[in-house]
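The figures here come from the full heavy-atom set of this structure, side chains too, leaving out hydrogens, waters and symmetry mates. Not measured: the values here are computed from a predicted model. Letters go in sequence order (proteins before strands), and every chain restarts at 1.
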Number of protein chains: 2
Amino acid sequence: MKWDTLDEEPCSLSRTVAVIGDRWTLLILRECFLRVRRFEGFQSSLQITRHLLSERLKKLVRFGILRRVPYSEAPKRYEYVLTERGLDLYPIIMAMVHWGDAHMGDERGRPLLHEHRTCGKLFDPVMVCSECGEALHARQVHVHPGPGRPKAIA
Amino acid sequence: MKWDTLDEEPCSLSRTVAVIGDRWTLLILRECFLRVRRFEGFQSSLQITRHLLSERLKKLVRFGILRRVPYSEAPKRYEYVLTERGLDLYPIIMAMVHWGDAHMGDERGRPLLHEHRTCGKLFDPVMVCSECGEALHARQVHVHPGPGRPKAIA
DNA sequence: CCAGTAAGTCTGAAAAAGGAACTGATATCA
DNA sequence: TGATATCAGTTCCTTTTTCAGACTTACTGG
């Protein structure tokens with residue numbers, strides 16, 4: 001399996017991993033969801049090297065997750081905002097935050113609390129079945145090959 | 001931000017990223033959820049170098065996500081099974097698979113379909129609010145500092 | 001003119017990943 | 001008995017990525 005063709009693998013997880021499956025990209029996305037938009041903003045809050053930040057932002061733009069929007073004409077300055085496709089990454093980020101809250105916490109408690117503005121309460125994200133609405137557990141799910149699965153693979 | 005102390009950052013996402021935030025680890029976990037348990041199984045289906053596989057499995061065991069269980073006494077052989085903590089990663093993996101299905105698909109359709117055994121239907125995973133049960137969207141969530149957040153950070 | 005800010009680029013050293021052969025304990029075949 | 005195979009790793013060397021920090025370009029404000 002080679003990284004440069006990972007986004008063409010017949011596996012949706014591989015394809016997602018090809019786009020956001022590295023540490024800096026995930027942390028950059030966290031900042032995006034916390035409303036950070038500018039190069040210096042990402043750089044100072046993450047302490048990422050400018051070189052890598054530049055590369056990762058380009059990649060996220062290339063995959064349509066961020067849009068590079070000018071906010072100043074002279075000098076030319078751009079900021080990076082989440083596209084619809086980028087906003088759809090929210091469940092991934094929230095699932096990771098939730099796992100961290102549940103399994104990597106310390107005695108001080110959670111670093112952040114999340115309020116659902118629709119209902120006004122502090123909440124946890126829960127993953128449910130789109131059909132019956134029940135909470136999902138790994139052992140209740142059965143996997144079938146789909147139409148995009150090459151026959152050669154079991 | 002240094003990688004070796006990322007799991008102590010006052011941010012649940014960083015802590016999760018410290019454990020599973022690299023490409024191979026995510027792919028290894030996919031195989032775990034597809035019931036792969038043995039070294040040769042991971043190696044042959046992922047084409048990961050044995051060196052890296054060995055390192056990643058050790059790390060997953062160290063963080064309590066996999067358990068190393070003997071399945072043969074002579075010769076000594078071990079397999080790797082998900083712990084409860086590892087099973088709890090399922091929503092992360094499913095969220096990634098779902099994003100890949102939705103945004104990285106091709107004309108052939110989905111590589112895998114998921115059946116919820118509880119209700120018997122093919123489903124998509126949906127992330128909802130634990131309090132009101134509504135589907136979550138990034139723009140409806142407001143973030144508050146929690147007790148584990150150092151005051152120095154906004 | 002000088003300092004400061006923002007968004008990058010460039011460079012050399014350090015760390016991580018890749019590739020492939022090797023090890024050790026046992027089973028299987030001829 | 002010796003030759004081959006299996007499984008779970010380890011070792012060694014090369015290539016690729018990442019890191020740390022200086023440098024660049026285009027302005028603004030005093």
>> Strictly distance-based, threshold 3.5 Å: is any side-chain N or O of T16(A) a donor or acceptor partner for the main-chain N or O of G100(B)?
In response: yes

>> What's Y80(A) touching, base or sugar-phosphate or nothing? Going by heavy atoms closer than 4.0 Å.
In response: sugar-phosphate

>> For A135(B) versus Q140(B), what's the shortest heavy-atom pair and its separation?
In response: O-OE1, 3.8 Å

> Is the backbone N or O of E9(A) less than 3.5 Å from a side-chain atom of R15(A), with the two atoms forming a donor-acceptor pair by type?
Replying inline: yes

Report all interatomic pairs (protein N or O, nucleotide N or O of nucleotides 15-19 of chain D) with separations under 3.5 Å.
from, atom 1, to, atom 2, distance (Å)
dT18(D), OP1, R56(A), NH2, 2.9
dC19(D), OP1, W3(B), NE1, 3.0
dC19(D), OP2, W24(A), NE1, 2.9

> Looking at Y71(B), does the NZ or CZ of R38(B) lie under 6.0 angstrom from its six-membered ring centre and within 45 degrees of the ring axis?
Replying inline: yes

> Got a donor-acceptor contact below 3.5 angstrom from the S54(A) side chain to the R50(A) backbone?
Replying inline: no

> Please give, in whole Å, the distance from dG9(D) C1' to K58(B) NZ?
Replying inline: 8 Å

> What are the two closest non-hydrogen atoms of G64(A) and T83(A), and how far apart are they?
Replying inline: O-OG1, 2.6 Å

> For residues 26-40 of chain B, which residues have at least one heavy atom under 4.0 Å from DNA chain D?
Replying inline: R38(B), F39(B), E40(B)

>> Could you list the cluster mates of L34(A)? Members are the ILVMFWY residues connected by side-chain heavy atoms closer than 4.5 Å, either directly or through other members.
In response: L112(A), V143(B)

> Once the angle between the rings of F42(A) and Y80(A) is folded into 0 to 90°, is it parallel (under 30°), tilted (30 to 60°) or perpendicular (over 60°)?
Replying inline: perpendicular

> Side chain of R85(B), backbone of F63(B): donor and acceptor closer than 3.5 Å?
Replying inline: yes

> Which residue, L46(A), I48(A), D22(A), forms the side chain to side chain contact (heavy atoms under 4.5 Å, CB included) with L27(A)?
Replying inline: L46(A)

> Where does the chain A footprint on DNA chain C start and end, counting 5' to 3' with a 4.0 Å heavy-atom cut-off?
Replying inline: dA6(C) to dG18(C)

> Which heavy atom of M127(A) sits nearest a heavy atom of P125(B), and at what distance?
Replying inline: SD-CB, 3.5 Å

> Can you list, by residue number, the residues of residues 59-72 of chain A that have a non-hydrogen atom closer than 4.0 angstrom to DNA chain C?
Replying inline: R68(A), Y71(A)

> Taking the inter-plane angle between the rings of W99(B) and H103(B) on a 0 to 90° scale, is it parallel (under 30°), tilted (30 to 60°) or perpendicular (over 60°)?
Replying inline: tilted

> Considering only heavy atoms from C-beta outward, does the side chain of L82(A) approach that of F33(A) to under 4.5 Å?
Replying inline: yes

>> Before we go on, tell me: are the rings of H116(B) and H114(B) under 6.0 Å apart, centre to centre?
In response: no

> What closest approach, in Å, do G146(B) and L113(A) show between heavy atoms, and which atom pair accounts for it?
Replying inline: CA-CG, 3.8 Å

>> For a quick check, with a 4.0 angstrom heavy-atom cut-off, what is the B/S/- contact string for nucleotides 25-30 of chain D, read 5' to 3'?
In response: -BSS--

